[in-house]
Amino acid sequence: MSAVSDPPPVARRPAPPSLRDRLPAFPWDRLEPYRKTAAAHPDGIVDLSVGTPVDPVPEVIQKALADAADSPGYPTVWGTTALRDAITGWVGHRLGARDVTHRHVLPVVGSKELVAWLPTQLGLGPGDRVAFPRLAYPTYEVGARLARAEYEAYDDPTELDPAGLRLLWLNSPSNPTGKVLSKSELTRIVAWAREHGVLVASDECYLELGWEADPVSVLHPDVNGGSHDGLVAVHSLSKRSNLAGYRAAFLAGDPAVLGPLLEIRKHGGMMTSAPTQAAVVAALGDDEHVRVQRERYAARRTALREALLGHGFRIEHSEAGLYLWATRDASCWDTVAHLAERGVLVAPGDFYGPAGGNFVRVACTATDERVHAAVRRLAA
């Protein structure tokens, strides 16, 4: 009886390239050793790194969410009529935009999702270029990488080579620096972008948090001459309304851009939940909770600013937003370590680009009790 031979080995095909391979290492993972050091402080950690909201969701918003909890059907990507009415009304009332209709707005599932996938959804790819500020939210670069587009950082966008430049990110007020672009600067940039056929995406998520400046939207007629052509503004309710956990944001601007995006997002099922849509309607219709939250942040910002200055820091920009852009003229990682030994965790400036190598970003989003703890430790 003949021996039974082993079956021939199955040839393994090489694994396809991973989408993950296009991305840099997740920056926040590098902060973990310093988090552990800060957490070992006898009075606990004061986390001023990520900048996540810590205050309660306003009751008017919680009630709207609860009242819409019985929502068994699929929501629509474009949102309810009430949601679109609320967004268009807010864009006109708060941003000063004119002639805004439902075609000019589009709800999204949090602003980070939009930033990361906008280049892909615009159809950008190899040979196309995306530009963003020299110091910037890292997800602008991630979005370009996901689309396989080229990317570059700028100091002045009007000095960029417009050839192949398809998407220009603005961010005013800036994350991380808190810098605000003036109305005249925005007007000049918008005119340049239109001259060269470049789409402007303006990240304005911190626009309602101006302290020493009054931020202006690209949708304001003094900036765009009354036309939304070639302009899209990104807004979020995460900070102004403490809705980071709700994933609530929206776009407003050129219908020629938003219309195709709506169709693409329908195919992808990128829809805001029905209860969240109801919560956004309530949030955009109530100015009082925004005023109260601004006062909380203003007090925390003042306390942290004075404590940092007293500890030998210098603060640059920071005229708006939820962060203080601070330096001791030393390596950002040395400063992170210095503060971690005192139980205070901050974000290293190089998370936002090499130009931030000597800075740290200090968030003003901790509770009053934790802010006061940080102030005491910096004074010791």
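- In summary, Lys36 and Glu32 do not engage in a salt bridge, as defined by a charged side-chain N under 4.0 Å from a carboxylate O.
- The CH2 atom of Trp117 lies 12.5 Å from the NZ atom of Lys112; values are rounded to the nearest 0.5 Å.
- Of the N and O atoms on the side chains of Arg145 and Tyr151, at least one donor lies less than 3.5 Å from an acceptor on the other residue.
- Ion pairing between Arg35 and Asp47 holds under the 4.0 Å rule for side-chain N and carboxylate O.
- A distance of 10.5 Å separates CG of Asp329 from CZ of Phe313, quoted to the nearest 0.5 Å.
- Looking at Arg166 and Glu150, no side-chain N of the basic residue comes within less than 4.0 Å of a carboxylate O on the acidic one, giving no salt bridge.
- Cluster membership for Leu231 and Leu167, using ILVMFWY side-chain heavy atoms within less than 4.5 angstrom, is not shared.
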Quick one: do Val46 and Leu339 satisfy side-chain contact (heavy atoms from CB on, under 4.5 Å)? Show the steps, please. CA-CA 10 Å; Val46 178; Leu339 292 175; over 6 Å; no
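- The two residues Pro260 and Pro255 come nearest to each other via the heavy atoms CD-O, 4.1 Å.
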Using the side-chain contact (heavy atoms from CB on, under 4.5 Å) rule, take Asn171 and Phe132 through it: C-alpha gap first, then chi angles, then the decisive distance, then the call. CA-CA 8 Å; Asn171 181 207; Phe132 43 79; over 6 Å; no
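- Judged purely by distance below 3.5 Å, without hydrogens or angles, the side chains of His104 and Thr88 never pair a donor atom with an acceptor atom.
- Judged purely by distance below 3.5 Å, without hydrogens or angles, the side chains of Thr276 and Arg247 never pair a donor atom with an acceptor atom.
- Nearest heavy atom pair, residue Ser111 against residue Ala249, reads N-CB, 3.5 Å.
- Considering Leu251, Val234, Val115 as possible partners of Val108, the one that fulfils the side-chain contact (heavy atoms from CB on, under 4.5 Å) test is Leu251.
- Salt-bridge formation is detected for the pair Arg300/Asp55: a Lys NZ or Arg NE/NH1/NH2 atom is positioned less than 4.0 Å from an Asp or Glu carboxylate oxygen.
- Under the 3.5 Å distance criterion, the side-chain polar atoms of Thr80 are matched with a main-chain donor or acceptor of Leu83.
- Side chain of Ser318 to main chain of Glu316: a donor-acceptor pair is present (N/O by atom type, distance under 3.5 Å, no hydrogens or angles).
- Looking at Glu185, its side chain never comes within 3.5 Å of a backbone N or O of Leu181 through a donor-acceptor pair.
- Side-chain atoms of Arg194 and Asn224 form no donor-acceptor pair, as typed in the model, at a separation below 3.5 Å.
- Atoms CD and OG1, on Glu195 and Thr158 in that order, are 10.5 Å from each other to the nearest 0.5 Å.
- At distances below 3.5 Å, not a single donor-acceptor pair connects side-chain atoms of Trp325 with backbone N or O atoms of Ile315.
- Lys63 and Asp67 are joined by a salt bridge, as a carboxylate oxygen and a charged side-chain nitrogen come within less than 4.0 angstrom of each other.
- Between Ala68 and Pro275, the shortest heavy-atom contact is O-CG, 3.5 Å.
- For the residue pair Ser217 and Glu204, a side-chain donor N or O sits within less than 3.5 Å of a side-chain acceptor on the partner.
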List the steps, then state whether side chain to side chain donor-acceptor pair (under 3.5 Å) holds for His102 with Asp85. CA-CA 7 Å; His102 286 193; Asp85 282 344; 2.7 Å; yes
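- With contacts defined as side-chain heavy-atom distances shorter than 4.5 Å, the pair Ile61/Tyr246 qualifies.
- Counting only distance, with no hydrogens or angles, the side chain of Arg129 and the backbone of Asp161 share a donor-acceptor pair below 3.5 Å.
- In summary, the side chains of Asp99 and His228 do not present any donor paired with an acceptor at a separation below 3.5 Å, with no hydrogens or angles considered.
- A donor-acceptor contact shorter than 3.5 Å links the side chain of Asp286 to the backbone of His289.
- Tested against Glu208 for a side chain to side chain donor-acceptor pair (under 3.5 Å), the candidates Gln293, Arg294, Arg94, Lys239 yield a single pass: Arg94.
- Closest heavy-atom contact between Leu31 and Val336: CD1-CG1, 3.9 Å.
- Going from atom CD of Glu113 over to atom OG1 of Thr139 covers 11.5 Å, rounded to the nearest 0.5 Å.
- With hydrogens and angles left out, the side-chain atoms of Arg134 and Tyr154 include no donor and acceptor closer than 3.5 Å.
- Ser241 places no side-chain N or O within donor-acceptor distance of the main-chain N or O of Leu243, the cut-off being under 3.5 Å.
- Ring geometry for Trp333 versus Phe351: interplanar angle over 60°, hence perpendicular rather than tilted (30 to 60°).
- A salt bridge between Lys266 and Glu263 is present, with a side-chain N of the basic residue lying under 4.0 Å from a carboxylate O of the acidic one.
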Report the C-alpha distance between Phe250 and Leu284 in whole Å, list the side-chain angles of each, state the deciding distance to 0.1 Å, and finish with yes or no for side-chain contact (heavy atoms from CB on, under 4.5 Å). CA-CA 12 Å; Phe250 59 87; Leu284 293 179; 4.2 Å; yes
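- Between the side chain of Arg301 and the backbone N or O of Leu322, no donor-acceptor pair lies under 3.5 Å.
- Considering His338, Arg328, Arg377 as possible partners of His311, the one that fulfils the side chain to side chain donor-acceptor pair (under 3.5 Å) test is His338.
- In this structure, Arg84 forms a cation-pi arrangement with Trp78, its terminal cationic atom sitting closer than 6.0 Å to the ring centre and no more than 45° off the ring axis.
- Using a 4.0 Å cut-off between a side-chain N of Lys or Arg and a carboxylate O of Asp or Glu, Asp43 and Arg342 do not qualify as a salt bridge.
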Kindly determine whether Leu345 and Tyr34 satisfy side-chain contact (heavy atoms from CB on, under 4.5 Å), including the steps that lead there. CA-CA 7 Å; Leu345 188 68; Tyr34 303 92; 3.9 Å; yes
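- Within the 3.5 Å criterion, the main-chain N or O of Trp211 finds no donor-acceptor partner in the side chain of Glu319.
- Taking CG of Asp350 as the start and CZ of Arg361 as the end, the distance is 12.5 Å to the nearest 0.5 Å.
- With hydrogens and angles disregarded, a donor-acceptor distance shorter than 3.5 Å links the side chain of Thr327 to the backbone of Asn358.
- Within 6.0 Å of the CZ atom in Arg30, the count of heavy atoms belonging to other residues, nucleotides or ligands exceeds 12.
- The line from SG of Cys364 to CG of Leu324 is 4.0 Å long, rounded to the nearest 0.5 Å.
- Nearest heavy atom pair, residue Pro173 against residue Tyr206, reads CG-O, 3.4 Å.
- At a threshold of 4.5 Å between non-hydrogen side-chain atoms, the residues Val180 and Asp214 do not count as touching.
- Ala147 and Pro119 make their closest contact through CB-CB, 3.9 Å (heavy atoms, listed as atom of the first residue, atom of the second, distance).
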